[in-house]
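Remarks on the structure that follows.
Numbers restart at 1 for each chain; the letters A, B, ... are given by sequence-line order, proteins then strands.
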Amino acid sequence: MKKYLVIILGPTGIGKTDLSVDIALRFKTEIISCDSRQFYRELSVGTAVPSPFLLNKVRHHFIQHLSVTDYYSASLYERDFLNLSGQLFRKHDTLILTGGSGLYIDAACGRLDDIPDVDPEVRNKYLRKYSEEGLESLRADLRYIDPDYYRIADLRNHKRIIRALEISESTGKPYSFYLHNKGKERNFSIIKTGLRMDRDELYHRINDRVDSMVSAGLEKEARKMIPLRYNNALNTVGYKEFFSYFDGDISREKAIELIKRNSRRYAKRQMTWWARNKDIKWFHPEEKENIISYVEKMTENCEL
RNA sequence: GGGGAGAUACCAAAGUGGCCAACUGGGGCAGACUGUAAAUCUGCUGUCGAAUGACUUCGUAGGUUCGAAUCCUGCUCUCCCCA
């Protein structure tokens, strides 16, 4: 029996959660989350994890299975996803993958090249070098170690440069050596559906959703995270703005306003990420029946 | 009724004779991104154009000047103070 991974992606706040549950029920299957912030068990209000009611209706995976203190990455997600989907495909022909984390979705789809793990010491070394000597120093290293990547790299983005340096140094081969961009074979077919709507409509939804998060206790949740705030998982919209408020740098109203703005910008970045992906079939979230028939059609056609 | 202050692009706010299509901030738009990605980084934001550039702007109508957002006059509106 052929296996299908149905992906439901879309920007934050567009309504993926409810729709995914309906679709999973229709196909009598389970949902794998691909939302890099819903992984953390300490976060729930600010990440809009599915309600207990929904979690009870359909089995979800990768929801709050990590701690904000855990190290995690797109490649770990790829590994975990392959393990899990391998198991679930024994019971189901179709699985639902829902989320808004573009890079993680790509990881699940096999679009990341295999690159060896790096020695954390090497990473720390370059992070230290960046804070002590600045970007220019890292650039000089990169030009020497990996001139090919240097030519195409975003030389103003320290994260890109550090990544290339740490790989090159840890593995003894330049970062560009590992970049093939071929894509890896998966033993299931991928059906990508995307949700979109008018910008104004989406921005209204986002603004309203932030207000409801605040009434649902986002501030309290953020306050509890103060001791853990320097973990990367908390460099997240909804938390970092409240930290600024707790520090006395901005007012509470300002923090809420910034959460809305940053959520809007995040949504835009997500849409930009997917814009170049031509094999996504786009729908308005209200077109539930259309999505279902599209998926049915795709799964039937492929079986022929 | 008297006195004072001001009207600048989506908003806020600089500019006070040429270096001004106009600083800066916000908001917005667009993009990049193969390992902490809700992160990180970049460009644009008067109109037309891929671009050199052209054209129209600084409440409004005139005027002074080689040249005005900047100076002068009338008008309109806003705000503040005193009555």
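Looking at heavy-atom distances under 4.0 Å, T236(A) makes contact with a base. Within 4.0 Å of D70(A), counting heavy atoms only, lies no atom of the nucleic acid at all. Residue contacts shown for G46(A) include a base, since a base heavy atom lies under 4.0 Å away. S263(A) comes within contact range of no nucleotide atom at all, as no heavy-atom separation falls under 4.0 Å.
The interatomic distance linking Y130(A) (OH) with U40(B) (C1') rounds to 9 Å, in whole Å. Rounded to whole Å, atom C1' of U40(B) lies 15 Å from atom CD of Q270(A). Put simply, CG on L127(A) is 13 Å from C1' on A39(B), counting in whole angstrom units. In this structure, CD1 of I161(A) is placed 10 Å from C1' of C41(B), rounded to the nearest angstrom. With rounding to whole Å, L165(A) atom CG is found 19 Å from U40(B) atom P. When the P atom of C41(B) is taken as reference, atom CZ of R139(A) falls 13 Å away, rounded to whole Å. Atoms CG (L258(A)) and P (G25(B)) sit 16 Å apart, rounded to a whole Å. Atom pair I250(A):CD1 and G25(B):C1' shows a separation of 16 Å (rounding to whole Å applied).
Sparse packing is recorded around NZ of K288(A), with 12 or fewer heavy atoms of other residues, nucleotides or ligands lying under 6.0 Å away.
F188(A) and F89(A) have their aromatic ring centers within a separation under 6.0 angstrom. You'll find the ring centres of Y150(A) and Y144(A) outside the 6.0 Å limit.
At least one cation-pi condition fails for K268(A) and Y266(A): the charged atom is not both under 6.0 angstrom from the six-membered ring centre and inside a 45 degree cone around its axis.
Between G15(B) and U70(B), the distance separating the two P atoms is 14 Å to the nearest Å. Taking atom P in both U73(B) and G4(B), the straight-line distance is 14 Å, to the nearest Å. A distance of about 12 Å separates the P atoms of A21(B) and A68(B), rounded to the whole Å. Comparing A9(B) with G25(B), their C1' atoms sit 14 Å apart, to the nearest whole Å.
In this model, the phosphate group of U40(B) is approached by a side-chain N or O of N235(A) to a distance below 4.0 Å at OP1 or OP2.
Counting only residues at least two apart or on different chains, the salt bridge (Lys or Arg N to Asp or Glu O under 4.0 Å) pairs with a member in residues 277-286 of chain A are K192(A)-D279(A). Identified under the salt bridge (Lys or Arg N to Asp or Glu O under 4.0 Å) test for residues 248-258 of chain A, with sequence neighbours left out: E219(A)-R252(A), K254(A)-E257(A).
For the 3.5 Å distance criterion, the side chains of R209(A) and T12(A) qualify, holding a donor opposite an acceptor. Side-chain atoms of H60(A) and E30(A) form no donor-acceptor pair, as typed in the model, at a separation below 3.5 Å.
Evaluation of the ring-ring contact (aromatic ring centres under 6.0 Å, His included) rule for Y294(A) yields F283(A) as partners, not counting sequence neighbours.
Nearest-nucleotide positions on RNA chain B place E257(A) closer to the 5' end than the other of T47(A) and E257(A).
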**Prompt:** Which nucleotides of nucleotides 28-35 of chain B have their base under 4.0 Å from a protein heavy atom (B), which only their sugar-phosphate (S), and which neither (-), written as one string 5' to 3'?
**Reply:** SSSBBBBB
Report all side-chain donor-acceptor pairs from residues 173-180 of chain A shorter than 3.5 Å, counting only partners two or more places apart or in another chain.
unit_1, atom_1, unit_2, atom_2, d
S176(A), OG, D146(A), OD1, 2.8
S176(A), OG, D146(A), OD2, 3.2
Y178(A), OH, T171(A), OG1, 2.9

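For RNA chain B, the stems formed by at least three consecutive Watson-Crick or G-U pairs, with both atom-pair distances below 3.5 Å, span B:1-7 with B:76-82, B:10-12 with B:24-26, B:27-32 with B:40-45, B:46-48 with B:53-55, B:59-63 with B:71-75.
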